[in-house]
Amino acid sequence: MKIIVTDMDGKSHELPAEEDWSVMEIIRDHGIPILAQCGGSCACATCHVYVDAAWQDKLPEANEEEIGMLDGAFDVQKNSRLACQIVFNSSLDGLTLTLAPGSV
Ligand code: FES
């Protein structure tokens with residue numbers, strides 16, 4: 001299984017993905033620069049990503065905590081999510097996203 005991440009230079013990376021890992025952990029553990037300052041506790045918004053339109057409806061909805069943190073993030077768009085709050089599973093194989101400003 002995999003996720004596909006576009007970094008801030010526009011370069012695409014196909015990363016092997018493990019079930020039950022957060023998308024932020026998958027990105028970070030494969031050496032793609034992502035700030036993720038709070039380590040995944042939904043307290044910094046520096047793991048902000050833009051989810052590809054084709055995947056938006058396949059993700060569980062953001063909870064109030066995530067929505068609250070995104071309120072304070074830069075350049076928030078309709079497809080903005082926090083990567084630490086997306087837990088990978090087999091239904092997300094091929095998930096495609098782009099790192100947002102403020103996440104690197
Ligand atoms: S790593 Fe801090 S909110 Fe995701």
Side-chain angles (χ1 to χ4, degrees):
M1 294 185 288
K2 64 177 186 239
I3 63 170
I4 298 154
V5 179
T6 301
D7 65 22
M8 292 300 287
D9 296 325
K11 195 170 165 206
S12 179
H13 305 265
E14 198 173 294
L15 308 177
E18 299 273 343
E19 198 131 8
D20 297 328
W21 283 39
S22 78
V23 168
M24 179 276 281
E25 291 170 316
I26 294 167
I27 295 169
R28 188 188 59 193
D29 283 27
H30 287 94
I32 309 298
I34 183 166
L35 269 178
Q37 281 173 325
C38 76
S41 50
C42 198
C44 71
T46 58
C47 63
H48 179 194
V49 294
Y50 301 129
V51 174
D52 187 271
W55 287 92
Q56 262 183 279
D57 295 339
K58 296 180 181 148
L59 295 179
E61 295 212 355
N63 63 23
E64 288 194 9
E65 219 182 352
E66 182 179 352
I67 292 168
M69 281 315 301
L70 277 169
D71 270 350
F74 295 106
D75 295 318
V76 174
Q77 301 178 5
K78 235 175 72 183
N79 58 343
S80 287
R81 293 296 300 262
L82 296 180
C84 72
Q85 299 302 300
I86 304 170
V87 178
F88 185 81
N89 63 54
S90 57
S91 72
L92 300 180
D93 186 16
L95 176 67
T96 304
L97 46 86
T98 301
L99 298 183
S103 63
V104 293

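Computed from a predicted model, the values in this text were never measured in an experiment. Every number for a ligand or one of its atoms is a count from 1 in the order of the listing.
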**OP:** Any chance you could measure Asn79, atom CG, to Tyr50, atom OH, to the nearest 0.5 Å?
**Re:** 7.5 Å
Subject >> Metal environment of atom 4 (Fe) of ligand 1, protein N/O/S under 2.8 Å >> reply: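 N, O, S partners closer than 2.8 Å: Cys47 SG, Cys84 SG.
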**OP:** Using side-chain contact (heavy atoms from CB on, under 4.5 Å) as the criterion, list what pairs up with Cys42, not counting sequence neighbours.
**Re:** Glu65, Glu66, Met69, Leu82, Gln85
Subject >> Contacts of Ser80 that satisfy side chain to side chain donor-acceptor pair (under 3.5 Å) - sequence neighbours left out >> reply: His48
Subject >> Over 12 foreign heavy atoms within 6.0 Å of CG, Asn63 >> reply: yes
Subject >> Hydrophobic cluster of Ile86, others only, ordered by chain and residue number, side-chain cut-off 4.5 Å >> reply: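 Met1, Ile3, Val5, Met8, Leu15, Trp21, Val23, Met24, Ile26, Ile27, Ile32, Ile34, Val49, Val51, Trp55, Leu59, Phe88, Leu92, Leu95, Leu97, Leu99, Val104, which link up through side-chain heavy atoms under 4.5 Å apart, make up the rest of the cluster.
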Subject >> Main-chain N/O of Ile4 paired to Thr6 side chain as donor or acceptor, under 3.5 Å >> reply: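 Pair absent, no side-chain N/O of Thr6 close to backbone of Ile4.
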